[in-house]
Asks: 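Input: one structure, supplied below.
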Amino acid sequence: ILTPHPKEFERLAGSWATDFERLEKQLEFSKKTSTVVLVKGAHTSIATPEGKIYFSNKGNPGMATGGSGDVLTGLVTGLLAQGYTSVESALLGAWIHGLAGDCGPSRGVGGGVTGPHRAELRVYAARYMDTAVSAVGVPTRPFVGRLKPHGIPVVHDKPLSCVSLV
């Protein structure tokens with residue numbers, strides 16, 4: 001799983017003239033390298049080697065701060081370690097990361113997941129895992145189930161917060 005911001009992705013895949021061109025490059029790069037490519041930004045996009053692209057509807061401009069991407073990478077890595085696939089980890093990680101960023105402004109703390117939000121990310125991940133699993137449309141993994149009060153696996157067929165375009 002790669003998690004570049006647009007400028008980092010440009011260094012990897014070359015420049016583009018339009019957003020659609022960037023998405024095409026992202027899909028091509030994902031297929032060519034057999035990696036999930038999560039490009040962070042205003043509309044975080046996640047490309048899979050199978051040729052699908054997803055968008056997260058969570059997050060805000062306050063998340064464009066140093067260290068925020070490191071938090072996302074740590075979250076995605078933690079999900080991988082708990083048995084989620086690369087695609088599931090990227091989708092869930094982007095959604096939970098964005099939700100944590102969205103929770104900051106609503107509490108009057110400011111945007112993003114830096115500073116005090118980093119410590120709270122674990123709380124958001126545990127509290128909203130069921131919501132994230134439901135929104136993204138992936139099955140709950142048994143190890144992650146320990147984060148939930150009852151550990152009941154939930155399977156949902158359709159992603160609600162990440163939309164498949166291809």
Side-chain angles (χ1 to χ4, degrees), residues 1-105 111-114 117-118 121 124-125 128-129 131-141 144 155-166:
I1 302 174
L2 299 175
T3 61
H5 58 64
K7 196 66 176 169
E8 291 170 329
F9 183 66
E10 182 179 8
R11 286 186 216 126
L12 290 171
S15 61
W16 53 84
T18 66
D19 288 339
F20 186 76
E21 244 181 65
R22 189 205 28 99
L23 292 173
E24 287 179 323
K25 282 187 174 282
Q26 187 178 353
L27 279 171
E28 179 184 322
F29 189 86
S30 179
K31 288 178 188 179
K32 180 179 164 186
T33 60
S34 297
T35 56
V36 173
V37 181
L38 185 158
V39 178
K40 303 172 286 201
H43 302 285
T44 294
S45 56
I46 301 153
T48 71
E50 296 78 30
K52 290 187 178 183
I53 192 151
Y54 298 85
F55 295 95
S56 176
N57 69 348
K58 297 290 179 200
N60 61 68
M63 297 175 71
T65 58
S68 182
D70 297 332
V71 173
L72 172 63
T73 300
L75 180 56
V76 169
T77 303
L79 290 163
L80 273 171
Q82 293 180 58
Y84 282 94
T85 68
S86 295
V87 173
E88 293 168 344
S89 296
L91 293 173
L92 284 170
W95 200 90
I96 293 169
H97 184 254
L99 178 67
D102 288 347
C103 288
V113 290
T114 57
H117 288 100
R118 287 183 190 161
L121 186 59
Y124 291 126
Y128 297 111
M129 183 56 81
T131 303
V133 164
S134 173
V136 174
V138 301
T140 300
R141 299 289 180 232
V144 175
V155 179
H156 299 274
D157 296 330
K158 296 183 180 177
L160 303 174
S161 291
C162 294
V163 180
S164 176
L165 293 183
V166 179

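Keep in mind that what you see is a predicted model, and the values were worked out from it rather than measured. This chain uses plain numbering: 1 for the first residue, then up along the sequence.
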Asks: Is a salt bridge present between Glu10 and Lys7, judged by a nitrogen-to-oxygen distance below 4.0 Å?
Replies: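 Salt bridge flag = yes for Lys7 with Glu10.
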Asks: Between atom CD of Glu21 and atom CG of Leu23, what is the distance when rounded to the nearest 0.5 Å?
Replies: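 Output value for this atom pair is 10.5 Å.
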Asks: Any donor-acceptor pair under 3.5 Å linking the side chain of Thr48 with the backbone of Val36?
Replies: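 Checking the backbone N and O of Val36 against the side chain of Thr48, no donor-acceptor pair under 3.5 Å is found.
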Asks: Could you pull out the closest heavy-atom pair between Lys40 and His5, with the gap in Å?
Replies: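 Distance-wise, the nearest heavy atoms are CE-N, 3.6 Å.
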Asks: Do Glu24 and Trp16 come within less than 4.5 Å of each other through their side chains, counting heavy atoms only?
Replies: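 In short, these two side chains do not touch, never coming nearer than 4.5 Å.
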Asks: Compare every heavy atom of Ser30 with every heavy atom of Ala47, then report the nearest pair and how far apart it is.
Replies: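 Answer, listing the atom of Ala47 first, then Ser30: O-OG, 3.3 Å.
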Asks: Consider side-chain contact (heavy atoms from CB on, under 4.5 Å). Of Leu80, Thr35, Val37, Val87, which one does Ile1 pass it with?
Replies: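 The residue from Leu80, Thr35, Val37, Val87 that satisfies side-chain contact (heavy atoms from CB on, under 4.5 Å) with Ile1 turns out to be Leu80.
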Asks: Would you say the side-chain atoms of Thr77 pair up with the backbone N or O of Thr73, donor to acceptor, closer than 3.5 Å?
Replies: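 The answer is yes, because a donor-acceptor pair under 3.5 Å joins these two groups.
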Asks: So, the side chain of Glu88 versus the backbone of Tyr84: is there a donor-acceptor pair under 3.5 Å, distance only?
Replies: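 The answer is no, because no donor-acceptor pair under 3.5 Å joins these two groups.
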Asks: Would you say the side chain of Glu28 lies within less than 4.5 Å of the side chain of Lys31, judging by non-hydrogen atoms?
Replies: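 No - every pair of side-chain heavy atoms lies 4.5 Å or more apart.
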Asks: Is the closest side-chain heavy-atom distance between Tyr54 and Trp95 below 4.5 Å?
Replies: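 No, their side chains stay 4.5 Å or more apart.
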Asks: Check whether any side-chain heavy atom of Leu72 sits under 4.5 Å from a side-chain heavy atom of Val76, and report yes or no.
Replies: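 Yes, side chains in contact.
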Asks: If you take all heavy atoms of Pro49 and Ser34, which pair is closest and at what distance?
Replies: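 Taking every non-hydrogen atom into account, CG-C, 3.7 Å.
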Asks: Return the minimal non-hydrogen interatomic distance between Ile53 and Gln26, and the atom names on each side.
Replies: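 Looking at all heavy atoms of both residues, the closest pair is CD1-OE1, 3.8 Å.
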Asks: Please report the closest heavy-atom contact between Pro4 and Leu2, naming both atoms and the distance.
Replies: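 Result for this residue pair: CD-C, 3.3 Å.
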Asks: Ignoring hydrogens and angles, tell me if any N or O in the side chain of Lys58 forms a donor-acceptor pair with the backbone of Ile96 under 3.5 Å.
Replies: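 No; zero donor-acceptor contacts below 3.5 Å.
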Asks: Calculate, to the nearest 0.5 Å, the distance between atoms CG and CG belonging to Leu75 and Leu79 respectively.
Replies: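 Rounded to the nearest 0.5 Å, the CG-CG separation comes to 5.0 Å.
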Asks: Just verifying a value: how many Å separate Ser86 OG and Ile46 CD1, rounded to the nearest 0.5 Å?
Replies: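 So the OG of Ser86 and the CD1 of Ile46 are separated by 12.0 Å.
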Asks: Would you say His43 has more than 12 foreign heavy atoms packed within less than 6.0 Å of its NE2?
Replies: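 Check fails, neighbour count at 12 or below.
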Asks: Return the minimal non-hydrogen interatomic distance between Arg22 and Ser45, and the atom names on each side.
Replies: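 Reported closest heavy-atom pair: NH1-OG, 3.1 Å.
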